Amino acid sequence: MRLALCNEVLREMPFAAQCARAAALGYAGLEVAPFTLDAEAPHLLPAPRRAELRRDAAGAGIALSGLHWLLVAPSGLSITTADPAVRARTLDVIERLIALAADLGCAYLVHGSPAQRRVEAEGDAARAEEAMARIAAWADAAGLTYCLEPLAAREANWATTVAEAAAIVERIGNPSLRTMLDVSASGNGEAEPPDALLERWLPTGLLAHIHLNDRNRRAPGQGKDRFAPILAVLRRQGYAGWCGVEPFDYVPDGPGAAAFAAGYLQGVLEGLA
């Protein structure tokens, strides 16, 4: 398994400095939130800027592992809306973000974006699932994995558990569409603890990514959740994918949270060796 830092934690730094800081802390990858690259239209980043981002990462010796927080910008997007114009615009943005991920050398995209997947009327859930099927085809053509992220019911009302997301993935049946586990979301919404969920779902092949964060929304090690059982399952199951470190509440600040998480998780992994 490899640790990636979600780059919005360092969003105040220039991108090259983000790469250098994450690499210096021991992260193998940077998981990029597109809105940190362009607050209005990240899906339209010009080719020279994409090449520059890859050079920044290569110069720091770090991978650009994936994209997440996909639909923050531009505003007004939705995969559930019955409005054909909004739906077409949303799907166009996602298709272009998949191309951006490919251009940056990423391996995956994570679809959380709770505000843009609200189910509020008849047909909304069906439209969300149909969107996922189309998105899976684009990801497959690009050689990428697209992960539908289960989010706790306090954040979303569609695909709120690993089981629900896995059922959607199975119905669509495209190997480029997978689900994942976010420790914070699972801690706030699942009946089972994260390590038990991993024991059950990793062998199915339906779960392809991990987000490491405490249920209090801080960095791993800054709350009551214990990550040794989680990392032990990943190691025992032979998980070789990425684990994105994704705190939302930065204590004492972004760089400090990134440093704390790196030290804590590396210490846990050394203890498991």
Side-chain angles (χ1 to χ4, degrees), residues 1 6 31 66-71 78-80 94 108-133 135-136 139 145-218 220 223-227 229-234 236-237 239 241-249:
M1 73 190 86
C6 291
E31 185 175 313
L67 303 183
H68 71 294
W69 272 26
L70 301 180
L71 301 184
S78 172
I79 63 168
T80 59
I94 295 173
Y108 60 87
L109 299 93
V110 173
H111 191 112
S113 301
Q116 294 82 18
R117 72 192 221 195
R118 294 294 301 175
V119 169
E120 297 174 340
E122 183 71 27
D124 284 359
R127 280 186 286 272
E129 191 161 326
E130 192 274 336
M132 284 293 134
I135 291 163
T145 298
Y146 198 93
C147 297
L148 172 58
E149 182 176 22
L151 294 172
R154 70 184 191 180
E155 299 178 72
N157 63 353
W158 181 74
T160 60
T161 66
V162 174
E164 290 176 13
I168 293 166
V169 168
E170 287 192 298
R171 284 196 294 271
I172 291 172
N174 187 318
S176 291
L177 180 67
R178 303 284 89 178
T179 187
M180 56 166 294
L181 185 138
D182 179 282
V183 174
S184 179
S186 68
N188 287 306
E190 298 271 7
E192 297 176 89
D195 55 309
L197 289 166
L198 291 170
E199 288 277 21
R200 184 149 61 92
W201 289 104
L202 277 174
T204 69
L206 297 172
L207 195 151
H209 189 56
I210 313 293
H211 274 161
L212 299 175
N213 37 29
D214 194 277
R215 73 184 69 192
N216 69 4
R217 297 175 65 81
R218 295 185 179 180
K224 295 182 178 179
D225 287 325
R226 291 296 170 260
F227 287 78
I230 295 169
L231 297 180
V233 172
L234 295 174
R236 187 166 59 252
Q237 294 276 1
Y239 177 74
W242 289 95
C243 295
V245 174
E246 189 190 28
F248 301 96
D249 181 9

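Bear in mind that the values here come from a model prediction, so they are computed numbers and not experimental data.
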Practice task
Grab the two heavy atoms, one from Arg117 and one from Ala156, that are nearest each other, plus how far apart they are.
Solution key: NE-CB, 4.0 Å

Exercise for the section: Tell me, please, which residues at least two apart from Asp214 pass salt bridge (charged side-chain N to carboxylate O under 4.0 Å, His left out). Expected result: none

Handout entry: Under the side-chain hydrogen bond (donor to acceptor under 3.5 Å, both in side chains) test, residues paired with Asp249 that sit two or more places apart
Key = Arg218

Practice task
Answer yes or no: is there a side-chain heavy-atom contact under 4.5 Å between Met132 and Leu177?
Solution key: yes

Problem - Residue pair Val183 / Phe227, side-chain heavy-atom distance below 4.5 Å - result: yes

Handout entry: Pairs where residues 194-210 contributes a residue and the test salt bridge (charged side-chain N to carboxylate O under 4.0 Å, His left out) is met, not counting sequence neighbours
Key = Glu192-Arg200, Glu199-Arg236

Practice task
Side-chain contact test, heavy atoms from C-beta onward, threshold under 4.5 Å: evaluate it for Leu207 versus Leu181 and give yes or no.
Solution key: yes

Exercise for the section: Report the C-alpha separation of Asn157 and Arg118 in whole Å, then their side-chain angles, then the decisive distance to 0.1 Å, and conclude whether the side-chain contact (heavy atoms from CB on, under 4.5 Å) test is met. Expected result: CA-CA 6 Å; Asn157 63 353; Arg118 294 294 301 175; 3.5 Å; yes

Problem - Nearest-0.5 Å distance, OG of residue Ser113 to CD1 of residue Ile79 - result: 8.5 Å

Practice task
Please tell me if the side chains of Val245 and Pro220 come closer than 4.5 Å, counting only heavy atoms from C-beta onward.
Solution key: yes

Handout entry: Under the side-chain hydrogen bond (donor to acceptor under 3.5 Å, both in side chains) test, residues paired with Thr80 that sit two or more places apart
Key = Ser78

List, one per line, each side-chain donor-acceptor pair under 3.5 Å for residues 147-155, sequence neighbours excluded.
from, atom 1, to, atom 2, distance (Å)
Glu149, OE2, His211, ND1, 3.2

Exercise for the section: Might you point out which heavy atoms bring Pro203 and Leu198 nearest each other, and give the distance in Å? Expected result: CD-O, 3.9 Å

Exercise for the section: Answer whether the closest heavy-atom distance between the side chains of Trp242 and Met180 falls below 4.5 Å. Expected result: no

Practice task
Give the minimum heavy-atom separation between Leu70 and His111, together with the two atoms involved.
Solution key: CD1-CA, 4.1 Å

Exercise for the section: Carefully, step by step, assess Tyr146 and Asn174 under the rule side-chain contact (heavy atoms from CB on, under 4.5 Å). Expected result: CA-CA 10 Å; Tyr146 198 93; Asn174 187 318; over 6 Å; no

Fill in the blank from the handout: dist Ile210:CD1 -> Tyr239:OH (nearest 0.5 Å) comes out at 4.5 Å

Problem - Contact summary for Cys6 and Glu246, nearest pair of heavy atoms - result: SG-CB, 3.5 Å

Handout entry: Derivation and outcome, side-chain contact (heavy atoms from CB on, under 4.5 Å), residues Tyr108 and Glu31
Key = CA-CA 9 Å; Tyr108 60 87; Glu31 185 175 313; 2.6 Å; yes

Exercise for the section: Check the pair Leu234 / Leu202 against side-chain contact (heavy atoms from CB on, under 4.5 Å), numbers first and verdict last. Expected result: CA-CA 8 Å; Leu234 295 174; Leu202 277 174; 3.7 Å; yes

Fill in the blank from the handout: Contacts satisfying salt bridge (charged side-chain N to carboxylate O under 4.0 Å, His left out) that involve residues 161-190 (not counting sequence neighbours) are Glu129-Arg171

Fill in the blank from the handout: Between the OG1 atom in Thr160 and the CG atom in Asn188, the distance rounded to the nearest 0.5 Å is 12.5 Å

Practice task
Calculate, to the nearest 0.5 Å, the distance between atoms OG and CZ belonging to Ser184 and Phe248 respectively.
Solution key: 6.0 Å

Exercise for the section: Please round to the nearest 0.5 Å and tell me the distance separating atom CG of Leu109 and atom CD1 of Ile135. Expected result: 9.5 Å

Problem - Pairwise distance CD1(Ile94) to CG(Leu71) - rounded to 0.5 angstrom - result: 4.5 Å

